[in-house]
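Since the structure comes first, as structure tokens, the remarks are kept for the end.
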Amino acid sequence: AQNTEFTKGLVSLTFDDGWKEIYENAVPILNHAGIKSTQYINIKGHGDSSKFMSQQEVILVERAGHEIGSHAINHKRFTELTNAEISAELQESRNLLLNTGIHSIDTFAYPYGEYTDYSVELSRRSKYIAVRVAIPGMNDRKTDKFLLYGYQLENWMIFNPYLKRLVDRARDENKWLILILHQV
């Protein structure tokens, strides 16, 4: 039988949307601590561009060693899009980010964590190596890499025993915990 556990517990910090406050508040702390994150960037933000990282800031984050992943173009719910729109959001968002000067876009995170059967099948045939959803759960070697689980954190949870229990569980069970943060 294949061992489903990792050799040790893993924790990944992922940040969705490309908020400017992530660049201003979280990235400097992570850099100082030597911790790298994945920044999931949606191309058009949510309207007010002053609230989101600029193209140059996203490039600087990548150059500092953080992964840049795609979070679609328009940050729309995939469950409300046609298959043609899903295809554009999933595939073109990667190309648009690469065209800004980002070196690689290997992963995708669904806006609102929502997906369809079509989007999962399309992601399997795409150039992505992994896709994150927003279903709470721990990942192991048997987890579908195109449906990676992630726990969304709210500001009130950051210093809550809930977070410590999640990290301890990942460590104790040799699982991969993906934390999802937004504004910080």
Problem - Gap between atom CD of Q56 and atom CZ of R63 - 0.5 Å precision - result: 8.0 Å
Handout entry: N83 side, atom CG; S119 side, atom OG - distance, nearest 0.5 Å
Key = 9.0 Å
Exercise for the section: Taking E92 for its side chain and I73 for its backbone only, find out whether a donor-acceptor pair lies under 3.5 Å. Expected result: no
Exercise for the section: State, yes or no, whether a side-chain contact exists between S12 and T38 at a heavy-atom distance under 4.5 Å. Expected result: no
Handout entry: Chi angles and distances behind the side chain to side chain contact (heavy atoms under 4.5 Å, CB included) call for L122, Q91
Key = CA-CA 9 Å; L122 185 60; Q91 297 179 319; 3.6 Å; yes
Exercise for the section: List the atom of Q39, the atom of V27, and the distance in Å for their closest heavy-atom pair. Expected result: NE2-CG2, 4.1 Å
Exercise for the section: Output, in order, the C-alpha distance, side-chain angles, deciding distance and verdict of side chain to side chain contact (heavy atoms under 4.5 Å, CB included) for L147 and Y115. Expected result: CA-CA 9 Å; L147 290 169; Y115 58 94; 3.6 Å; yes
Problem - For M53 against V58, the heavy-atom pair lying closest together - result: CB-CG2, 3.8 Å
Problem - D16/L181 under side chain to side chain contact (heavy atoms under 4.5 Å, CB included): CA gap, chis, key distance, verdict - result: CA-CA 6 Å; D16 285 6; L181 298 106; over 6 Å; no
Practice task
Report yes or no: does T14 contribute a side-chain atom to a donor-acceptor pair with the main-chain N or O of L179 at less than 3.5 Å?
Solution key: yes
Practice task
Output yes when a side-chain donor or acceptor of E21 lies under 3.5 Å from a complementary backbone atom of V184, and no otherwise.
Solution key: yes
Handout entry: Ring geometry between F6 and W176 (parallel below 30°, tilted from 30 to 60°, perpendicular above 60°)
Key = perpendicular
Handout entry: Side-chain heavy-atom pair L30, F15 within 4.5 angstrom cut-off
Key = yes
Exercise for the section: Following the transitive rule for hydrophobic clusters with a side-chain heavy-atom cut-off under 4.5 Å over Ile, Leu, Val, Met, Phe, Trp and Tyr, establish whether L60 and I43 coincide in one cluster. Expected result: yes
Practice task
Looking only at non-hydrogen atoms, find the nearest pair between N74 and K44 and report the distance.
Solution key: OD1-CD, 3.2 Å
Problem - Residues T100 and Q55: side-chain donor-acceptor under 3.5 angstrom - result: no
Practice task
Using atom types as modelled and distance alone, determine if a side-chain donor or acceptor of H75 lies under 3.5 Å from a backbone N or O of P111.
Solution key: no
Exercise for the section: Report yes if the side chains of Y151 and L163 come closer than 4.5 Å at any heavy-atom pair, otherwise no. Expected result: no
Practice task
Heavy atoms only: give me the nearest Y110-H71 pair and the separation to one decimal.
Solution key: O-CE1, 3.4 Å
Problem - Considering all heavy atoms, the nearest K142-D140 contact - result: N-OD1, 2.9 Å
Exercise for the section: Only counting residues at least two apart or in another chain, list the ones meeting side chain to side chain contact (heavy atoms under 4.5 Å, CB included) with T7. Expected result: none
Exercise for the section: Show the numbers, then the answer: is there a salt bridge (charged side-chain N to carboxylate O under 4.0 Å, His left out) between D168 and R165? Expected result: CA-CA 5 Å; D168 288 348; R165 283 195 301 273; over 6 Å; no
Practice task
Kindly check if the number of other-residue, nucleotide or ligand heavy atoms within 6.0 Å of NZ (K36) is above 12?
Solution key: yes
Completion exercise
NZ of K145 to CZ of R124, rounded to nearest 0.5 Å, is 9.5 Å
Practice task
State plainly whether the residues D17 and K51 are in salt-bridge range, i.e. N to O under 4.0 Å.
Solution key: no
Handout entry: D106 side, atom CG; S70 side, atom OG - distance, nearest 0.5 Å
Key = 11.5 Å
Handout entry: Main-chain N/O of V120 paired to S123 side chain as donor or acceptor, under 3.5 Å
Key = yes
Problem - Flag if over 12 foreign heavy atoms under 6.0 Å of CG, D117 - result: no
Practice task
Determine, stepwise, if the pair T107 / R132 fulfils side chain to side chain contact (heavy atoms under 4.5 Å, CB included).
Solution key: CA-CA 8 Å; T107 61; R132 195 210 69 220; over 6 Å; no
Practice task
Calculate, to the nearest 0.5 Å, the distance between atoms NZ and CG belonging to K76 and N42 respectively.
Solution key: 12.0 Å
Practice task
To the nearest 0.5 Å, tell me how far E121 CD sits from R125 CZ.
Solution key: 5.0 Å
Handout entry: Close side-chain approach of N31 and H66, heavy atoms under 4.5 Å
Key = yes
Problem - Side-chain touch F108/S126, heavy atoms, less than 4.5 angstrom - result: no
Practice task
Mark yes when over 12 heavy atoms from residues, nucleotides or ligands other than Y149 sit less than 6.0 Å from its OH; otherwise mark no.
Solution key: no
Problem - Flag side-chain contact, heavy atom, 4.5 Å: E85 against E80 - result: no
Fill in the blank from the handout: Smallest heavy-atom separation, E62 atom then I68 atom, equals CB-CG1, 3.6 Å
Problem - Main-chain N/O of L90 paired with Y128 side-chain donor or acceptor, under 3.5 Å - result: yes
